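Lettering of chains follows the sequences in order, A, B, ..., and the numbering in each one begins at 1. All of these numbers come straight from a predicted model, not from anything done at the bench.
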There are 2 protein chains.
Amino acid sequence: MAGIKDVAARAGVSVATVSRVLNDHSGVREGTRTRVLAAVSELSYRPNTLARSLRTDQTRTLGLVISDVLNPFFTELARAVEDEARARGYSVIIGNADEQLTLQDHHVRTLLDRRIDGLLVSPADGDSLALREAALAGIPMVFVDRWIAGLDVPLVRADGRSAVRELVAHLYALGHRKLAIIAGPVASTTSNERLAAFRGALAEHGLPLPGHYIGQGDFQTASGRRVTEGFFTLPEPPDAVFATDNLMALGVMEQVRTLGLRVPDDVSLAAFDDIPWFLHTDPPITAIAQPTQQLGHRAVTALTDLVEGRSAGSVTLSAHLIARRSCGEDERTRR
Amino acid sequence: MAGIKDVAARAGVSVATVSRVLNDHSGVREGTRTRVLAAVSELSYRPNTLARSLRTDQTRTLGLVISDVLNPFFTELARAVEDEARARGYSVIIGNADEQLTLQDHHVRTLLDRRIDGLLVSPADGDSLALREAALAGIPMVFVDRWIAGLDVPLVRADGRSAVRELVAHLYALGHRKLAIIAGPVASTTSNERLAAFRGALAEHGLPLPGHYIGQGDFQTASGRRVTEGFFTLPEPPDAVFATDNLMALGVMEQVRTLGLRVPDDVSLAAFDDIPWFLHTDPPITAIAQPTQQLGHRAVTALTDLVEGRSAGSVTLSAHLIARRSCGEDERTRR
DNA sequence: GCCGCGCATGGAAACGATTACATCGGTCAT
DNA sequence: ATGACCGATGTAATCGTTTCCATGCGCGGC
């Protein structure tokens, strides 16, 4: 593979000059420039980014560590991140943590070893040594969607609390009184916020939230199934279930079907995170939608600000309820 | 950030020795080794992979270029690829081509600039200069799912032809005679195979496949909607539609709903690629399932074989039909 | 006619690792 | 006692860039 030396030789100039035209520095005579460019294309030369990065100490690459690529919410987020990054001249390397702390830290380290310019992360539940160290070491870093308390890192997210209140009001209006929730991992910031908002909203309506109506999930499909199974062994199963992410909602659907029951006749269902398929499920699923693309864009904006030496603050967008038929019918949602 | 020199200084040895213990080369005295290791952990030193790769001319990184991350099939594939690669000590960098040739070539070039050890690609429709050059240049490369004709590159894929024949037989048995298909991009290898198999199977049943029953899609949701709209302006709309990927099937669902029609009462629907949500749509969708994870694993196996100097051949797995209710009911599928 | 200046270019030192080769004791066979 | 050899370590070249500094040249002002 041709190197800058070959180009220099072919163009009859020094490597310094080649480098100058490649990085369009001023002060190269027009004739020289074209000669170099010709040599470049004749040899179909492409600069070695490894060498370049080694020398310049910047990779123009961002790392993105997400908890689960298979979750459509994160897929869409990753996509938005990539788009915005590319528009700003950065590449993105994605690490999928699969909701596991060790895998997450593995990716953080790998990414850092590659000397990425900045790190975008939606941390998995729990305390991450790698992340803590990176933050302390001053690696430009931004949290998106989820975060770790006590770290001075900007956060870009959607506040779901008012949407959760809307949801509870909606369920209440439809006559539901036994409301249950399937939470994510215990220390997950988003799950906790959703749980707290749910509990608060229930209280506003004078409803209790007994412990057995709080299912312990892990944001994965299987846990939705498992928790649902548990709910239906209760003497008084809930009449509505709120899954705090879309995969667990899928698990609920699967288990409800397994049990030979139906949504919403036997139990209502609502999910956090809206996805295209929710419109076509049987029945269509009521969900809280986040402005996913915007989250991705804003996160990249914040991170590149940091990387390029500007300052960046946290951003909070908002989520909203999309009522469909999975919580029962009323005149507004029937069609 | 601490470098190998700092470690050497701290351990009171030369950088060569440090390098030796880091890459566990033999011939380092036990005492020295522990001293070095101590220095490494005290400084929490991490080797700079850029420098290492520059010198060794290998990155232990694989590039994966796929046509659309948002397509659950590819998401799952990417996930499988990453898992297998990690197990073999490689990282993966994903490039999302969004079904656009220019974006695909952009990613191929970027990946090559990073000096990845090998390239896994599911090429978008059309002729790709970058890919052709890479193949000619002898970059270790493997195609997965889709391929480009005329390039001597191993291919890992699932043959869907017999499953398509199964599907047509299934539709025929249910009484459908006006069968339509929504194809992918014109030059797409997978789409062409599916179309040809569909046409062939129809012929076996003595059914025609008129041009207006061949919808021209692009593997994206919107095109499924558009084509469906067209089908229903026909004097004789089809009574069954086969979408050659899952996103276009989603488009069909959306458009059918918009038109105030129902699946399968007004039109039957089947899709290539099975996804978890198909079980819970209204109605559950009949689909052809590929062994996605295996595809990913085998593709990585083939690629690493190439990278590590072994030879690799093409792999063909098979797909199978999963009959659900979206094509109408019969005693086999009713439950 | 000379000096100084600026412009275009080249030479060479980094960046942080790996590794071929040199070096230096010490051991062992003769 | 001597030389060959071996095991542990160090020195320095190298990978492909960027960039600081030096150089050479033409030109305008005095």
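Atom CD in A:Q58 sits roughly 17 Å away from atom P in C:dC15 (whole-Å rounding). Atom-to-atom, CZ of A:R33 to P of C:dC7 comes out at 16 Å; the value is rounded to the nearest Å.
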request  = Could you give me the CA-CA distance, side-chain angles and deciding distance for A:R146 and A:E99, then say whether salt bridge (charged side-chain N to carboxylate O under 4.0 Å, His left out) is met?
outcome  = CA-CA 12 Å; A:R146 328 223 276 219; A:E99 305 281 2; 2.7 Å; yes
Q | Derivation of the side-chain contact (heavy atoms from CB on, under 4.5 Å) call for B:I4 and B:S19 | A | CA-CA 8 Å; B:I4 198 174; B:S19 175; 4.0 Å; yes
Report task. Step by step, work out the side-chain contact (heavy atoms from CB on, under 4.5 Å) result for B:V108 and B:V121. Result -> CA-CA 9 Å; B:V108 169; B:V121 28; 5.6 Å; no
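When all heavy atoms are compared, the tightest approach of A:G118 to A:L303 is C-CD2, 3.8 Å. Closest approach of A:S128 and A:I148 over heavy atoms only: CB-CD1, 4.3 Å. Of all heavy-atom pairs between B:L247 and B:Q220, the closest is CD1-OE1, 3.8 Å. Across all non-hydrogen atoms, the minimal contact from B:R79 to A:L70 is NH1-CD1, 3.6 Å.
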Protein-proximity profile, nucleotides 10-20 of chain D, B/S/- by nucleotide at the 4.0 Å heavy-atom cutoff, equals BB-BBBBBBB-
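Counting any heavy atom pair closer than 4.0 Å across all strands shown, B:T32 reaches sugar-phosphate atoms only and no base atom.
In this structure the side chain of A:H106 never reaches within 4.5 angstrom of the side chain of A:Q100, judged on heavy atoms.
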Set out, line by line, the N/O atom pairs under 3.5 Å between protein and nucleotides 4-6 of chain C.
none

